[in-house]
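Lettering follows sequence order; numbering is per chain, from 1. Since we're looking at a predicted model, the values are computed, not measured.
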Amino acid sequence: MIVEVPGQYNPKNVEDEVREFWHREDIYHRVRRLRSGGRRFFFVDGPPYTTGRIHLGTAWNKVIKDSILRYMSMRGYELKDRAGWDMHGLPIEVKVEEHLGFRSKKDIESYGVDRFIEQCKSFALRQKDEMTEQFKSLGVWLDWENPYMTLRNEYIEAAWWTLKRAHERGLLERGLRVVNWCPRCQTAIADSEVEYWDEKDPSIYVKFPVEGEENTYIVIWTTTPWTIPANVAVAVHKDFMYSKVRAWRRDGTYEILIMATDLIENVLKQGRYVDYEILESMRGEDLLSLTYKNPLQDLVPAQRDFVHGVHLADFVTAENTGIVHIAPGHGLEDYELGLEKRLPIFCPVGEDGRYTSEAGEKYEGKYVRDANPEVVEDLIERGALLASGELVHRYGHCWRCKTPIIFIATRQWFIRISDLRDQMLQEIERVSWYPDWAGSARFKDWISNARDWCISRQRYWGIPLPIWICRSCGAMEVIGTAAELEMRTGRPVEDLHRPAVDGVKLRCSCGGQMERVPDVFDVWFDSAVASWATLNFPREENEFRVWWPADFITEGHDQTRGWFYSQLGASMVAFGRAPYKSVLMHGFTLDEQGRKMSKSIGNVVHPEDVVGRYGADTLRFYVLSSNAPWEDLHFSWEGAMNVNRMLNILWNAYRFPLPYMILDKFDISRADTSRYDLRPEDRWIISRVNSLAKDIEENMAGYMLHRVTRSLQEFILEDLSRWYIQLVRPRTWIETDDPDKLAAYATLYTVMSTLVKLLAPFTPFLAESIYQNLVRGLDPGAPESVHMCDWPGYREDLIDKRLEESMSYVREISEAAANARQKGGRKLRWPVSRIIISSDEQLDLGDLLHVLRTQTNSKDVIVLPPGEKPEMDLEISLVQKKIGPVFKGESKDVVEALKSMNPREVKRIIDSGEPIEWKGKSYRITGEMVEFMEIPPANLIPAEFSKGVVYVDVTLTDELKAEGYAREIIRRIQDMRKELDLKVDEMIRVSVALDSSEVLGLISGWKDHISSEVRATLLRMGNDLDIEGELTKDWEVDGINIRVSVARA
RNA sequence: GGGCUCGUAGCUUAGCCUGGCGGAGCGCACGGCUGAUAACCGUGAGGUCACGCGUUCGAAUCGCGUCGGGCCCA
């Protein structure tokens, strides 16, 4: 049974009902079961971090995923769709620390690592549950009951197993490396965890005294004075020119400075020198024999033993002094140069960011960034400071606690990704990237610069490194699974997190005891193994063999360096190939002006706000249609409102025929269009919906979701609502069992039932709601949910491009006619006798002339043969320049004569060569004296369309006038019915008094028509009627006063 | 500083791959319809296609450069 539906589209009701239905009937599982055994589609969900709240970007991300998965399911694919959660790492530790009021790792240790881990775990699980509900409210169908979670033992094993593979392949190494270090979190952080923003720092020029040359200095520049105690060398560029300069101070003293020749003026200005002379110039490589002393060597005892030399390096740029201060313990490039030149890796700074005893008594214990002024002071005291100032520049910060990072040399664990770089570059060629440049340009660039991956973190809440080292002999062992660990110890380990695993000791083959290294994994390593962890590999192997690698993943463009990369890296280590076959890279969500959404600007839009106002379907359709997936989305409320309006129009188009269908007991036996003689417009809309399906399939193949949704929108608004529904409406009012009406029902049914299937992946709630009523209501044998239906596809034999083209002309002509009516002041309510279509081409309007007649409210449609126009009026303009010289003084008379004549007569005379007679004289007029112009006659109002001109004949006859007035009166009575809030079938009594006998006479023949249109049992019309009724109103139509009264019968 | 990307009407955008009349929606102005009605429809105004140079018979579209936004890197 089909039922009537309420007037306006109410997304909340629709979605609540559908959600309840899905839940009650367990539709999600039934859809998945239905497709089992189909071709496989392995999707891996990029795990969102459990922050507790989804934002617009994560909503978009999941909507893209859900739409594609729903589409693939309808196409018959069996899906792997486990949702994923990224639950370890610093962000949660920081949150828990805040909650407990902790300031450092010491607080955690004294609180107890086990209790701390428990807090982190329950926090992460709680956040996950909250976010799950939010995703569900968007209609996102993933396997929410059985998601993969990085904190689960089986997941941890996937990471362990992968590390073991790295070890077996010789790709795991431990080394002293300079890393980004957060002094607050006291851990190494990944390049990708560094956030840059402007910071004000000292900018100092320092003079290093050259050994063996009196009063001579090498000048360097730095923004980190605190690294000067660790300076062990300087670097120059081999091709740059350097000079020894005698620089004079205001007081007449001088010193000899070494720096890049091009930068002398700048440096001396900084140092307020008054004059200089160049003593000697040389290339960078000529400086290599120099040695110098660290100016702070009296404070930093270790410095006295170092030999400070000059080295060549490519990273030296022609900026500042052209000579770079090298502290291998505190800089990436410095460190690499240090290794190459065998410099001491001197790092007198501890994990807490404070100087160690190696920095000497004066500095020991001081926090390095706070020590900057003191170092500067000490340099001044020793005459080593050339200049100092301040500089605002971009500086890195810990992305979680916002502390400025420092670089220090620490012992860390690495995976030698750089060894795999070339293989990775080859692998990405085999992956399909959407858009293409995401892989061929962006990702390629990132991979080309790939460095070794520092995977160790000195924290608690993470996957513990499964590395055990023997205290006696230093032997190392990597454990791959919990079972393996149990085998080695004879005891199972309940939870593979810290601190439980910390206590596990292994026996070394040398007889000594092996202890786990205390570090945990970088969280990027967690998600990196998702494609096999989600299949529970290595615990289970069958699933892995059947499904892996992933068919499809999609994430934002920030994941180029993130998950796209970490997965590829881990997979290269583990399996030597890419873990995914295709990748769709999507954009970011920004505000309407294209700015980042941020709390401080106050421009954050929450997905639940949009859902609350317009519903999940609107949000979904909006984010999909707003722009191409890979471009940034500028969220606009107005845009969302528009989508909502479009869905409302769809709702109206859907509900309009329902009352008639119900009244006529329309049933499934009458739903097949092949039973009827369809009108051309019926065949047209069926052709259009098939074209639409074809278009969607083509665009889905390239994940062009914006094109798909825009095609749907265009079809709903233009083809269905604005055109077909208008055409079909009068047919539904026929009150008999007319085959033409039944054909219209069958067509509407076919179109709507196809359309909801096409919409199902994108607006799953609305599609389901319409499907349940219209399709299931009619055919209880149909699949129980629209999402269990097969994708409708398209039938090429039902696509009639010729008909579609004809209809597009018909629409154009109708619009042009409406335009002409407006110019001619003739409302659409008033019929016209004819419209005339003139074109240079043979227009193929098919059998659609009846459509044109009704849509233009015209009694006749005349299509002229190609190139012909209606007969035009002629207008003349006189060419005085030609007339003057011929007729001289009589010109005035000639002009007068010509103007008084009918232009047609003038043309006839010229063509025939006869003279004209005027005031007794005759004149011979030639063609050049007169120009003729054709203009349409006053009754034909022209309007252009793409293939020609439409003329609307606005000539009024009494007949047309009568019909026009009748319709004016009908309309006003209908208006009053509305005002009285009458039921559609309620009968009335009407009196109409009007002050024009002429009009009264005209409309008398329309009395019956008016009565039946407005459902009047009694209709009185007259010049001077006594008017009474429940409602009386005065109207004016074209200068005629009409008084109407209406009463219930 | 480097890689990628975007820049089209007041706003949001299509078109760019594959060169040939710049097309929508919103907003604005005017109008229509009244059996979708707190709905719907039409018409109009509104454009230096960021800027410059080049290729071409022809450039929003292809190439180079500049400026501005975004992401990533240094």
Side-chain angles (χ1 to χ4, degrees), chain A residues 5 7-9 191-192 194 196 315 317 319 332-333 394 396 435-451 556-562 564-565 585-590 592-596 622 625-628 630-643 645-646 648-660 702 706-707 710 713-714 717-718 721-723 725-726 729-730 732-733 814-823 825-830 855 857 943 946 967-968 970-979 984-985 1013-1015:
Chain A
V5 294
Q8 295 292 299
Y9 166 53
D191 289 339
S192 51
V194 178
Y196 292 86
F315 58 75
T317 57
E319 288 168 301
L332 263 43
E333 290 167 328
R394 283 164 61 79
D436 182 65
W437 52 259
S440 63
R442 204 169 223 273
F443 199 47
K444 198 170 185 174
D445 177 60
W446 173 255
I447 301 278
S448 311
N449 296 313
R451 289 205 304 251
H557 44 53
D558 55 331
Q559 298 303 329
T560 301
R561 67 165 187 178
F564 298 160
Y565 174 68
M585 183 186 82
H586 67 74
F588 265 38
T589 47
L590 308 172
E592 191 154 5
Q593 282 88 50
R595 298 172 305 180
K596 243 184 183 154
Y622 170 70
S625 63
S626 177
N627 46 16
W630 47 87
E631 272 166 27
D632 289 345
L633 188 152
H634 295 198
F635 181 85
S636 114
W637 278 106
E638 209 171 78
M641 188 182 75
N642 267 327
V643 169
R645 195 191 319 232
M646 184 270 294
N648 183 41
I649 291 173
L650 171 66
W651 184 261
N652 286 332
Y654 146 62
R655 80 187 174 92
F656 132 77
L658 298 181
Y660 308 104
H706 59 311
R707 292 201 181 165
R710 282 167 186 184
Q713 169 156 347
E714 171 116 349
L717 293 179
E718 295 298 330
S721 167
R722 283 174 200 164
W723 201 241
I725 296 286
Q726 306 311 321
R729 179 165 282 144
T732 61
W733 302 333
S814 296
E815 277 166 25
N819 190 0
R821 274 174 171 277
Q822 194 164 338
K823 278 192 269 183
R826 184 73 74 240
K827 295 184 250 186
L828 188 54
R829 203 179 301 144
W830 287 66
Q855 291 313 108
N857 193 12
S946 73
R967 291 184 66 165
E968 294 282 6
I970 291 168
R971 205 231 105 190
R972 282 165 177 76
I973 298 172
Q974 299 284 27
D975 203 59
M976 291 168 73
R977 283 186 66 109
K978 183 125 231 138
E979 203 171 319
V984 198
D985 53 356
E1013 284 290 305
V1014 303
R1015 296 188 153 255

Base-contact (B) and sugar-phosphate-only (S) positions in nucleotides 21-29 of chain B, heavy-atom cut-off under 4.0 Å, - elsewhere: ----SB---
Sugar-phosphate only, base, or nothing, as touched by A/Thr732 at under 4.0 Å among non-hydrogen atoms: nothing
Dot-bracket summary - RNA chain B, pairs being Watson-Crick or G-U whose distances fall under 3.5 Å, with | when paired to another strand: (((((((..((((......[..)))).(((((.......))))).....(((((..]....)))))))))))).
Shortest non-hydrogen separation from A/Ala943 to A/Ala816 and the atoms involved: CB-O, 3.2 Å
Output a table of nitrogen or oxygen pairs between the protein and nucleotides 13-17 of chain B separated by less than 3.5 Å.
{"residue": "B/rG15", "atom": "OP1", "partner": "A/Arg707", "partner atom": "NH2", "Å": "3.0"}

Any A/Arg451 side-chain N or O less than 4.0 Å from OP1/OP2 of B/rA74: yes
C1' gap between B/rA29 and B/rG10, integer Å: 14 Å
Euclidean distance for P, B/rG19 against B/rG2 (whole angstrom): 31 Å
Results of side-chain contact (heavy atoms from CB on, under 4.5 Å) for A/Glu714 - residues two or more places apart only: A/Glu718
Minimum-distance pair of heavy atoms, taken over all atoms of A/Arg722 and A/Gln726: O-CG, 3.2 Å
For A/Arg967, side-chain contact (heavy atoms from CB on, under 4.5 Å) partners two or more places apart: A/Arg829, A/Asn857, A/Glu963
Polar side-chain contact A/Arg442-B/rC71 base: donor and acceptor under 3.5 Å: yes
Which residues share a side chain to side chain donor-acceptor pair (under 3.5 Å) with A/Asn652, sequence neighbours left out: A/Arg655
